[in-house]
Amino acid sequence: IPCWIILGLVTAGWLWPPQVREWLFLQRKSNISRGDILEQVSKQIDQVKTEIISLRHGLKYELRSDRRELVNMKNEIEMVQKSALSDLSQVKEIMTSLLDTGRDRANRIDARAIRQFAY
């Protein structure tokens, strides 16, 4: 037998019998039972389930947070709108008073002009 091994090493396995070449070069199948495979798959499924549950909780938390933020933004927008409407009403009052002042001034000037021409 050692002669076969030495000759096979020198000739890169050409002189070995087919059984020896097969024993050395073919991949061996692993002996994994269906139970082991089933156990691995069930562990992976459990991991996926826990990940889904944690993602679901994370999404619920983010959704609540986003809702609160949205309500706060809505309240801020309403405050800005009220402030803008208040400012617009003040501008309207100022413009009305300026218009009235301008009319009064124009009426006084017209009255003076009429008095000057009347004399």
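In what follows, every heavy atom counts, from backbone to side chain, and hydrogens, waters and symmetry copies are set aside.
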For [X], check side chain to side chain contact (heavy atoms under 4.5 Å, CB included) against everything at least two apart and list the hits.
| X | result |
| --- | --- |
| Arg105 | Ile109 |
| Gln44 | none |
| Ile45 | Val41, Lys49 |
| Asp87 | Ser83, Gln90 |

Result block: side-chain N/O donor-acceptor pairs under 3.5 angstrom for residues 56-77, not counting sequence neighbours:
residue: Asn72; atom: ND2; partner: Arg68; partner atom: O; Å: 3.4
residue: Asn75; atom: ND2; partner: Val71; partner atom: O; Å: 3.4

Q) Is there a donor-acceptor contact under 3.5 Å from the side chain of Ser86 to the main chain of Lys82? A) no
(Q) Run the salt bridge (Lys or Arg N to Asp or Glu O under 4.0 Å) test against Lys43 and tell me which residues pass, sequence neighbours left out. (A)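 With sequence neighbours excluded, Lys43 shows a salt bridge (Lys or Arg N to Asp or Glu O under 4.0 Å) to Glu39, given in chain and number order.
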Q: Run through the side-chain heavy atoms of Ile, Leu, Val, Met, Phe, Trp and Tyr, join any pair under 4.5 Å, and report what else lands in Ile52's cluster.
A: Val48
(Q) Let's go through Lys92 and Leu88 carefully: what are the C-alpha distance in whole Å and the side-chain angles of both, what is the deciding distance for side chain to side chain contact (heavy atoms under 4.5 Å, CB included) to 0.1 Å, and is it a yes or a no? (A) CA-CA 6 Å; Lys92 182 180 175 183; Leu88 283 174; over 6 Å; no
